[in-house]
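In each ligand, atom 1 is the first atom listed, and ligand 1 is the first ligand listed. All heavy atoms count here, side chains included; hydrogens, waters and symmetry mates do not. Position 1 is the first residue of the sequence; numbering continues from there. Just so it is clear, the structure is predicted and the values come from calculations on it, not from any experiment.
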Amino acid sequence: MQIRTKIAIQFTIIIACILIIFSLAVYYTSENFRKKEFYNRLHDRGLLTAQLLKELKITEKDKRKLRDANKSILGKLNVEKVLMFNDKDELVYASYEADSIYYNPSFLKRVRQQEYVETSDWDNQATGALYTDENNKSYVVIAQATDIYGKEKLQNIRDTLITSFVIGITLTIILGIIFAGQSLKPIAEINEEITNITAYNLKQKLNVGNNKDEIAQLANNFNRMLERLETSFELQKSFVSNASHELRTPLAALKSEIQIALENERTTDEYKNVLKSLLTDTQRLIQLTNGLLQLAKSENRENSMALKPTRIDEILFKAQEEIMSLNADYKITVDFDEIPDDDEWVTVNGNEALLLTVFTNLLDNACKYSMDHEAEVKIRFNEKQCIVAVKDNGIGIPESELSKIFEPFYRTHNASGYRGHGIGLSVCRRIIDIHQGKIEVQSQIGKGSVFEVTVPHL
Ligand code: ADP
């Protein structure tokens with residue numbers, strides 16, 4: 001069911017309940033008022049009859065006169081009957097002529113006890129009153145009639161209320177649908193706009209209308225989500241094109257090496273040399289693919305989230321060993337600025353494999369980009385963080401490029417003569433992000449660079 005219809009129905013149900021309660025209240029108040037008024041009239045009429053009977057001497061002729069007067073004066077009450085009983089419960093007067101007159105003795109008894117009694121059935125209302133004349137003789141006067149006019153009026157009120165209810169509900173349904181439709185119109189528009197947005201036109205944005213209400217907030221949030229999606233799509237696109245470019249170059253080199261080798265007959269030694277060169281190139285390719293894999297893995301948060309207390313100094317010694325075992329001419333020293341009193345100061349909540357990737361990258365870069373192939377690592381800490389500084393005396397990084405070196409595939413201009421693909425630092429930054437830390441660099445062209453990694457310790 002559409003929200004519009006739902007709102008209209010809910011709205012109509014509420015209004016219907018209010019109208020029903022209101023109509024019932026009006027109807028029952030009117031009915032009570034009518035009944036009370038009619039009882040009063042019946043009572044007055046009974047008393048009037050008794051008064052007249054007292055003043056006239058009760059002869060049959062007078063009674064007839066009174067009957068006629070009753071008919072003409074009070075006839076409006078319709079089907080009226082006035083009966084008068086003496087203290088022996090004998091009927092002394094009846095406002096109508098009939099072969100036999102029925103009355104209820106227990107009712108007479110109640111009137112004598114209570115002096116005034118009102119009673120009613122479906123059609124009729126009756127009052128019974130005790131009347132005492134100056135000779136102290138008591139009479140029971142019973143007046144009974146059907147309030148035809150009163151009931152007609154009530155019927156009228158009921159019809160008016162039912163008609164008003166039907167008109168009111170019809171109007172509510174129509175207005176409910178119109179208003180709900182109008183209030184939900186912006187959502188319908190947003191819906192339509194969203195259907196037109198695909199991966200190819202993420203630049204398209206939703207109309208935020210008055211920029212104030214909840215729907216505008218929704219549109220704004222959606223637009224922000226589109227921006228994020230666009231950025232991540234762009235990143236992915238550039239990653240794929242950069243990665244394929246990086247892979248194509250060494251693959252093309254491999255291909256041409258093989259082609260040249262196959263052009264002429266070669267000696268066994270020459271073939272061996274070609275194969276050795278191919279092996280080196282393949283190793284570089286493997287390195288590159290590993291780098292790409294690390295980058296992809298570091299983007300996948302869940303894979304990298306196995307964090308546990310890990311000693312930073314131990315990881316640094318491992319990285320030092322790893323790099324130095326692969327490159328005999330590299331020299332790396334790892335030192336504490338001051339020895340920690342508490343092991344926790346150098347223990348971080350981290351993933352050992354990922355942190356090892358960070359430090360091997362930094363140490364490898366430091367040695368790779370310096371003539372002396374030397375790197376110096378210093379570990380320090382404060383109340384909250386553990387800080388690792390990797391320093392080299394290498395080629396340095398141009399100031400204008402300092403902010404770009406953490407982007408995937410970015411290489412500085414002065415690094416073109418050195419092996420590498422510009423992947424390592426972007427992987428490092430992502431991993432340090434996962435560890436809620438930061439990585440910063442300070443550098444001077446021709447003098448060297450210092451990379452500083454700060455991670456919160458336990
Ligand atoms: P790679 O070293 O494989 O090119 P990285 O992502 O590790 O890729 O580094 C990105 C770029 O940052 C490098 O190409 C280089 O230009 C620069 N760079 C990184 N570390 C250093 C360093 N210690 N000294 C000078 N330049 C560096």
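Of the polar atoms of A415, none of the N or O atoms is found under 3.5 Å from an N or O of ligand 1, judged by distance alone. Residue S426 has no N or O atom closer than 3.5 Å to an N or O atom of ligand 1. The N/O atoms of N414, backbone and side chain alike, include none that comes under 3.5 Å of an N/O atom in ligand 1. Geometrically, ligand 1 and I395 share no nitrogen or oxygen pair separated by less than 3.5 Å.
Considering only heavy atoms from C-beta on, Q320 stays 4.5 Å or farther from L316 through its side chain.
A donor-acceptor pair shorter than 3.5 Å can be found between the side chains of S106 and N104. In the model, E401 has a side-chain atom that pairs as donor or acceptor with a side-chain atom of Y410 under 3.5 Å. No side-chain donor-acceptor contact under 3.5 Å links N40 and E37. One side chain, E118 or Y116, offers a donor N or O that lies under 3.5 Å from an acceptor on the other.
With sequence neighbours left out, F381 forms a ring pair (Phe, Tyr, Trp, His ring centres under 6.0 Å) with W345.
Applying the salt bridge (Lys or Arg N to Asp or Glu O under 4.0 Å) definition to pairs two or more places apart or across chains, those involving residues 442-458 are R380-E452.
Looking at atom 16 (O) of ligand 1, its nearest protein heavy atom turns out to be T412 OG1, 2.5 Å. The nearest protein atom to atom 2 (O) of ligand 1, hydrogens excluded, is given as Y369 OH, 2.7 Å; this is a heavy-atom distance. Regarding atom 4 (O) of ligand 1, its nearest protein heavy-atom neighbour is R411 NE, 2.7 Å. Among protein heavy atoms, atom 23 (N) of ligand 1 sits closest to D392 OD2, 2.9 Å.
The closest approach between G394 and ligand 1 stays at or above 4.0 Å for every heavy atom of the residue. Distances from ligand 1 to the non-hydrogen atoms of I397 include at least one value under 4.0 Å.
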Determine whether V274 and I260 satisfy the following criterion, side chain to side chain contact (heavy atoms under 4.5 Å, CB included), listing intermediate values before the conclusion. CA-CA 10 Å; V274 172; I260 292 167; over 6 Å; no

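Those atoms of ligand 1 with a heavy atom of N365 less than 4.0 angstrom away are 2 (O), 5 (P), 7 (O), 9 (O), 19 (C), 20 (N), 23 (N). Each of the following atoms of ligand 1 lies closer than 4.0 Å to a heavy atom of H421: 1 (P), 3 (O), 4 (O). Below 4.0 Å from some heavy atom of L425 lie the following atoms of ligand 1, by number and element: 5 (P), 6 (O), 7 (O), 9 (O), 10 (C), 12 (O), 19 (C). The atoms of ligand 1 that sit less than 4.0 Å from any heavy atom of I423 are 6 (O), 8 (O).
In summary, R419 and D364 engage in a salt bridge, as defined by a charged side-chain N under 4.0 Å from a carboxylate O. Between R429 and E440, no side-chain nitrogen of the basic residue sits less than 4.0 Å from a carboxylate oxygen of the acidic one, so the salt-bridge criterion is not met.
Contacts between K368 and ligand 1, counted as non-hydrogen atom pairs separated by less than 4.0 Å, involve the side chain only.
Considering F451, Y410, Y418 only, the shortest heavy-atom separation from atom 11 (C) of ligand 1 involves Y410.
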